[in-house]
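The block underneath contains the structure these notes are about, expressed in structure tokens.
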Amino acid sequence: MKVFNTMTGKKEDFIPLTKGKVGIYACGVTVYDYCHLGHARSAVVFDVMHRYLRYKGFDVKFVKNFTDIDDKIIKRANEEGAAWDTVAKKYIDEYYRDMDALGIARADIEPKATEHISEMIAVIKTLIEKGYAYAVQEGENQSVYFEVEKFPEYSKLSKKDINDLLAGARVSIDERKKSPVDFALWKASKEGEPWWESPWGKGRPGWHIECTAMAIKHLGETFDIHGGGADLIFPHHENEIAQSEAYTGKPFANYWMHNGFITIDKEKMSKSLGNFFTIREILDKYDAEVIRLFLTSSHYRSPIEFSREQLHDAEASLDRYYTTVSRIDDFLSAETTPSKKAVNAAEFEGFLNKFKDGFESAMDDDFNTALATGHIFELVREINIFLDAKPSGDEAAALIEKAKHVSNSVEQVLNLFNRTPAEWNIALLKSKKIALSEADIEQKIKDRQAARQNKDWAAADAVRKELDEKGIILEDKRDGTSWKVKI
RNA sequence: GGCGGCGUACCCAAGUGGCUAAGGGAGAGGUCUGCAAAACCUCGAUGCAGCGGUUCGAAUCCGCUCGCCGCCUCCA
């Protein structure tokens with residue numbers, strides 16, 4: 001298995017620290033607002049990684065945190081006139097609502113920063129003792145900063161030149177810090193701000209220290225994979241490395257993995273630019289599975305341009321998949337003539353036998369979900385070709401069962417393609433806001449069937465036209481008429 | 001300015017040294033059908049931003065040029 005490591009800038013063989021086990025830490029969200037599509041991407045990417053590693057038989061321990069105390073949460077609390085922890089709790093709940101909809105499995109451990117204050121304080125104390133950090137008086141309390149100069153390997157992840165950082169006008173000058181690049185481990189609390197008791201008086205943790213404390217607590221001083229969005233590379237992950245490695249004297253994570261951005265008009269989707277769509281805004285118009293396929297049909301490191309066309313394409317792809325599943329179901333439930341041999345069985349079986357290898361080698365190559373989904377649609381085509389040849393008999397049925405089985409592995413890893421065609425179409429009814437129930441449609445089909453029996457084609461066509469105008473397509477098959485939502 | 005990335009058909013998107021450049025969407029023609037729909041078949045980049053170079057061989061490696069983006073400040 002190969003994974004791209006941001007630290008080396010190369011794809012490397014993935015060798016876990018302990019054979020058969022993988023520890024992953026993914027930076028989660030700061031809970032001060034609804035999640036947008038960018039958060040969804042990161043969540044889906046690491047969800048798929050973690051599912052695939054499990055599928056490969058690794059004993060995976062997946063940790064994903066919540067930053068539940070920070071400046072933005074405090075700011076939002078003041079705006080809403082609520083307590084900071086009420087705000088945090090609210091957006092954690094909203095986070096789960098969105099992520100559950102998107103089929104994101106819970107991580108094994110989902111720690112919150114505020115539940116690890118004592119661990120953070122312990123790390124900070126040691127960093128001061130080791131001479132990597134210093135406390136500065138601020139009113140009655142003290143703040144603690146990490147002294148970047150004391151950690152010579154600083155910027156090894158983001159490959160920045162410290163001098164450039166120092167020279168850059170964007171680094172804010174803060175008189176309290178020895179150097180502008182030093183960053184806060186502990187912030188003295190100001191009037192009206194939440195605080196915890198510490199050796200430096202009342203204060204709260206800086207942003208980066210939580211990940212160090214929580215990753216080390218739950219995964220150990222060195223673990224396998226640390227990930228997050230590419231925008232976390234600097235300064236967040238760089239600072240985590242500095243404080244963690246200064247603290248333990250050991251490498252922090254062996255592989256650093258970062259997902260690319262979602263863009264709109266080629267620009268990064270972000271809160272500050274205001275060009276974002278929240279997950280729930282999109283869920284209002286598109287089914288969650290559509291979003292998931294949209295996100296997995298590009299490689300995780302590439303930028304993805306968001307557009308309605310893209311979502312439509314993903315929707316059409318899914319519909320193609322479920323239409324084929326529907327054909328499979330029809331085939332398996334139909335009467336078969338046991339004597340007849342399957343037509344092109346050998347070729348089809350050969351394809352099925354190779355399928356799993358193809359899928360796995362795609363995923364083994366740095367989680368290439370785009371290629372993996374490509375393989376799925378090749379499978380769809382092969383199934384359709386096989387069914388078009390009108391096979392019958394036990395051998396054919398066994399092959400189709402095998403095809404279903406073979407695609408199960410993929411469904412489980414991508415958490416995609418795992419509904420029934422009926423569930424898919426009912427979901428489409430909802431996302432396309434079609435005001436017809438299943439029963440309404442079935443009734444129309446019955447009416448039309450009666451007309452067809454009488455060869456009253458005009459009446460039959462009128463029913464079809466009526467449904468078509470509402471977005472429902474009818475398909476006449478041998479054993480009856482089925483319906484589907486127009487994409 | 002520093003560092004990093006990207007540019008593959010009408011759109012999206014795999015492929016990073018060697019069999020016919022995956023897959024999806026859109027399009028054209030055909031088979032099937034009461035008519036449709038779906039599905040399948042055929043067509044569709046002699047070509048991978050441009051120009052040079054390395055190589056028996058390059059979309060893939062190297063150099064230059066053009067265009068676009070990201071990080072350098074909170075950010076998934």
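Just so we're on the same page: letters track the sequence lines, and every chain starts at 1. Given the structure is predicted, the values throughout are model-derived calculations rather than measurements. These values consider heavy atoms only, across backbone and side chains, with no hydrogens, waters or symmetry-generated copies.
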What's the [atom1]-[atom2] distance between [X] and [N], to the nearest Å?
{"X": "A:Ile328", "N": "B:rC40", "atom1": "CD1", "atom2": "P", "answer": "12 Å"}
{"X": "A:Trp483", "N": "B:rA38", "atom1": "CH2", "atom2": "C1'", "answer": "16 Å"}
{"X": "A:His237", "N": "B:rC71", "atom1": "NE2", "atom2": "P", "answer": "15 Å"}
{"X": "A:Ile24", "N": "B:rA76", "atom1": "CD1", "atom2": "P", "answer": "19 Å"}
{"X": "A:Met269", "N": "B:rC71", "atom1": "CE", "atom2": "P", "answer": "14 Å"}
{"X": "A:Met257", "N": "B:rG5", "atom1": "CE", "atom2": "P", "answer": "16 Å"}
{"X": "A:Ile264", "N": "B:rG70", "atom1": "CD1", "atom2": "P", "answer": "12 Å"}
{"X": "A:Leu318", "N": "B:rG24", "atom1": "CG", "atom2": "P", "answer": "13 Å"}

Nearest-angstrom distance, [atom1] atom, [N] to [M]:
{"N": "B:rA9", "M": "B:rG52", "atom1": "C1'", "answer": "26 Å"}
{"N": "B:rG15", "M": "B:rG34", "atom1": "P", "answer": "45 Å"}
{"N": "B:rG44", "M": "B:rG23", "atom1": "C1'", "answer": "16 Å"}
{"N": "B:rU55", "M": "B:rA13", "atom1": "C1'", "answer": "29 Å"}
{"N": "B:rU8", "M": "B:rC48", "atom1": "P", "answer": "11 Å"}
{"N": "B:rC12", "M": "B:rU54", "atom1": "C1'", "answer": "34 Å"}
{"N": "B:rC11", "M": "B:rA49", "atom1": "P", "answer": "14 Å"}
{"N": "B:rA14", "M": "B:rC32", "atom1": "P", "answer": "39 Å"}

Does the side chain of [X] get closer than 4.0 angstrom to OP1 or OP2 of [N] through an N or O atom?
{"X": "A:Arg320", "N": "B:rA39", "answer": "yes"}
{"X": "A:Asn384", "N": "B:rC40", "answer": "yes"}
{"X": "A:Arg381", "N": "B:rG23", "answer": "yes"}
{"X": "A:Lys268", "N": "B:rC71", "answer": "yes"}

Compare the aromatic ring of A:Trp457 with the six-membered base ring of B:rG34 and state whether they stack according to the 5.5 Å and 30° rule.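 Yes, the aromatic ring of A:Trp457 stacks with the base.
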For a quick check of understanding: with a heavy-atom distance under 4.0 Å over all strands, which category does [X] fall into, base, sugar-phosphate or nothing?
{"X": "A:Arg478", "answer": "nothing"}
{"X": "A:Gly28", "answer": "sugar-phosphate"}
{"X": "A:Leu387", "answer": "nothing"}
{"X": "A:Gly38", "answer": "base"}
{"X": "A:Lys271", "answer": "nothing"}

Once side chain to side chain contact (heavy atoms under 4.5 Å, CB included) is applied, do any residues pair with [X], and if so which ones, sequence neighbours excluded?
{"X": "A:Asn353", "value": "A:Glu349, A:Lys402"}
{"X": "A:Ser482", "value": "A:Glu475, A:Lys477"}
{"X": "A:Arg478", "value": "A:Lys390"}
{"X": "A:Ala370", "value": "A:Asn368"}

Looking at [X], I want to see if its [atom1] is surrounded by more than 12 non-hydrogen atoms of other residues, nucleotides or ligands under 6.0 Å.
{"X": "A:Asp93", "atom1": "CG", "result": "yes"}
{"X": "A:Lys159", "atom1": "NZ", "result": "yes"}
{"X": "A:Lys484", "atom1": "NZ", "result": "yes"}

Between A:Arg452 and A:Ser317, which residue's closest nucleotide on RNA chain B lies nearer the 5′ terminus?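 Its nucleotide being nearer the 5' end, the pick is A:Ser317.
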With a 4.0 Å heavy-atom cut-off, tell me which residues in residues 467-477 of chain A come close to RNA chain B, sorted by residue number. A:Ile473, A:Leu474, A:Glu475, A:Asp476
Heavy-atom contacts under 4.0 Å between residues 97-106 of chain A and RNA chain B, which residues? none
Please determine whether a side-chain nitrogen of the Lys or Arg among A:Glu238 and A:Lys160 lies less than 4.0 Å from a carboxylate oxygen of the Asp or Glu. no
For A:Phe355, what residues pass the ring pair (Phe, Tyr, Trp, His ring centres under 6.0 Å) criterion, not counting sequence neighbours? none
Looking only at side-chain N and O atoms, does A:Tyr321 offer a donor or acceptor that is under 3.5 Å from a partner on A:Glu289?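 Side chains of A:Glu289 and A:Tyr321: no pair found under 3.5 Å.
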Decide side-chain hydrogen bond (donor to acceptor under 3.5 Å, both in side chains) for A:Tyr300 and A:Arg41; before the verdict, give the C-alpha distance in whole Å, the side-chain angles of both, and the deciding distance to 0.1 Å. CA-CA 8 Å; A:Tyr300 77 90; A:Arg41 182 179 196 187; over 6 Å; no
Which residue pairs satisfy the ring-ring contact (aromatic ring centres under 6.0 Å, His included) criterion with at least one member in residues 255-274 of chain A, sequence neighbours excluded?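 Found A:Phe14-A:Tyr255, A:His226-A:Trp256, A:His237-A:Trp256, A:His237-A:His258.
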Using a 6.0 Å distance limit plus a 45 degree cone around the ring axis, check whether A:Lys271 lies over the aromatic ring of A:Phe276. yes
Taking only the side-chain heavy atoms of [X] (C-beta and beyond), determine which of [options] contains the nearest atom.
{"X": "A:Val29", "options": "B:rC74, B:rC35, B:rA76", "value": "B:rA76"}
{"X": "A:Asn259", "options": "B:rC74, B:rA76, B:rC71", "value": "B:rA76"}
{"X": "A:Ile385", "options": "B:rA76, B:rC41, B:rC74", "value": "B:rC41"}

Pairing nucleotide - [N], Watson-Crick or G-U, each distance under 3.5 Å:
{"N": "B:rC64", "result": "B:rG50"}
{"N": "B:rC10", "result": "B:rG25"}
{"N": "B:rU31", "result": "B:rA39"}

Taking protein heavy atoms under 4.0 Å as touching, what does nucleotides 9-15 of chain B look like 5' to 3' if B marks base contact, S marks sugar-phosphate-only contact and - marks none? ---SSSS
Considering residues at least two apart in sequence or located in another chain, which fulfil the side chain to side chain donor-acceptor pair (under 3.5 Å) criterion with A:Glu267?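 Side chain to side chain donor-acceptor pair (under 3.5 Å) check on A:Glu267 returns nothing, list empty.
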What N/O pairs connect the protein and nucleotides 26-28 of chain B at under 3.5 Å? Give each pair on its own line.
none

Name all residues meeting the salt bridge (charged side-chain N to carboxylate O under 4.0 Å, His left out) criterion together with A:Lys75; count only those two or more places apart in sequence or in a different chain, and write none if there are none.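 Expected list: A:Glu79.
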With salt bridge (charged side-chain N to carboxylate O under 4.0 Å, His left out) as the test, would you mind laying out the steps for A:Arg448 and A:Asp461 before giving the verdict? CA-CA 8 Å; A:Arg448 177 166 169 275; A:Asp461 289 351; 5.2 Å; no
For A:Lys11, the option from A:Asp366, A:Asp365, A:Asp364 that meets salt bridge (charged side-chain N to carboxylate O under 4.0 Å, His left out): A:Asp365
